[in-house]
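Read through the structure below, which is laid out as structure tokens, and then see the notes.
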Amino acid sequence: MRLFHAESEEPGATTVKGGDAPAVPLAERIAAVRDEIERTGTYVHTAAELAFGARVAWRSSARCIGRLYWRSLHLRDRRHVTAPDEVAAECVGHLDEATRRGRIRSTITIFAPDTPTAPGPRIWNEQLIRYAGYRTGGRVLGDPRYVGFTDHARSLGWVPPSPMGRFDVLPLVVSGGGEWAEKGPQFVDVPEASVLEVDITHPDHAWFADLGLRWHALPVISNMRLDIGGISYPAAPFNGWYMATEIGARNFADADRYDMLREVAEKMGLDTSSDRTMWRDRAAVETTLAVQHSFDTAGVSMADHHGESQRFLRHLEREEQAGRTCPVDWSWIVPPISGGLTPVFHRYYDEPTDTGPMFRMDPQQAARGQGCPM
Ligand code: ARG
């Protein structure tokens, strides 16, 4: 409350959008909250407090390089929603409102909080859109990261498309809050029309298209808990837009994900007999370039690591001017290729903090994202 009121009094402050200024003076609001907690064991955020809290939680996300625009986060207030099918439907609504055919808007949907009488709903998926992974003998078809989650979805009754593919969108797995909390999780398919995807091609290498790669336009983290002022929202999916390296140099490149580098290098005609020919490095750059090119051509918002690094330094400057520290996790902010070519590499940062509005990964949710019910 103090942070919200203090920042709202600054000129050009946090809460410029949508007139979300505090409605009553700080002392009055604190007294009302104390009283509400005494009577009910909890309290209800005003719409303005919620928006401020969500934006500051983004601002405090030490692993996010895209924080310059934290003030523009678009909020969908769905605190009344607890039934699993309604949660799923609102998640699909989130996809539609955030995707906008490629003009991606940073968006968060906030579902019912935990209360002393009942927990809020939970989304088991790590992200609203992810691809299934199927064990086929020794190999995995699709995304190996989601083999466990895919098995769990099937155990709930989900039936994969036939034939199974490398890019089958997983169903949402949701457990309800409130009166539904006792029941187990339910799966709900994500309608195809709500999932924008991009086929990956390369600006110079026609053969790249034959690799048959594609990726979804929208990254929506859906298993982190949003904590604001002592109130905990276990389901609060949020999205930004992709940076090309996330897909090109990690999802397609990591040995425990799509592991495409050898195939790309071979198609490039590189000598893959020794690491010292740097075929991996060269293939990772070309794969990232292909991702950037494909999203750009399709008109889908995507950052590049050079531009985003510069914007991030601008964010740091602004935070400093505002008299705030900016928590940063260097190992997440520096891109997975060409680190030293970006300015974010060449400095130290403030350590991540554990106070204030914050997105948190709770261990149960992390396990569920891998398909381990607990
Ligand atoms: N790295 C994750 C992925 O590849 C997405 C994390 C969030 N990224 C973002 N640009 N908001 O799906």
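For this chain, numbers begin at 1 and follow the sequence in order. Not measured: the values here are computed from a predicted model. Order of appearance sets the numbers: ligands from 1, and atoms from 1 within every ligand.
Using bins of under 30°, 30° to 60° and over 60° for the plane-to-plane angle, the ring pair His202/Trp207 lands in the parallel bin. By the 30° and 60° cut-offs, the orientation of the rings of His216 relative to Tyr242 is tilted. Under the 30°/60° scheme for interplanar angles, the aromatic rings of Trp241 and Tyr69 are found to be tilted.
Between Asp354 and Arg360, at least one side-chain N (NZ, or NE/NH1/NH2) sits under 4.0 Å from a carboxylate O, which counts as a salt bridge.
At a heavy-atom cutoff of 4.0 Å, ligand 1 is contacted by the side chain of Arg130 but not by its backbone.
Of the candidates Trp332, Phe238, Tyr242, it is Tyr242 that places a heavy atom closest to atom 12 (O) of ligand 1. The option with the heavy atom closest to atom 8 (N) of ligand 1, from among Glu246, Met302, Arg250, is Glu246.
Near Gln127, meaning under 4.0 Å from one of its heavy atoms, ligand 1 places the atoms 2 (C), 3 (C), 5 (C), 12 (O).
Distance from atom 4 (O) of ligand 1 to its nearest protein heavy atom, with residue and atom name: Asn251 ND2, 2.9 Å.
Remark: of the listed residues Arg324, Arg71, Met358, Arg324 is the sole one forming a side chain to side chain contact (heavy atoms under 4.5 Å, CB included) with Arg59.
Residue contacts with ligand 1: Trp241 is placed with a nitrogen or oxygen under 3.5 Å of a nitrogen or oxygen of the ligand (distance criterion only).
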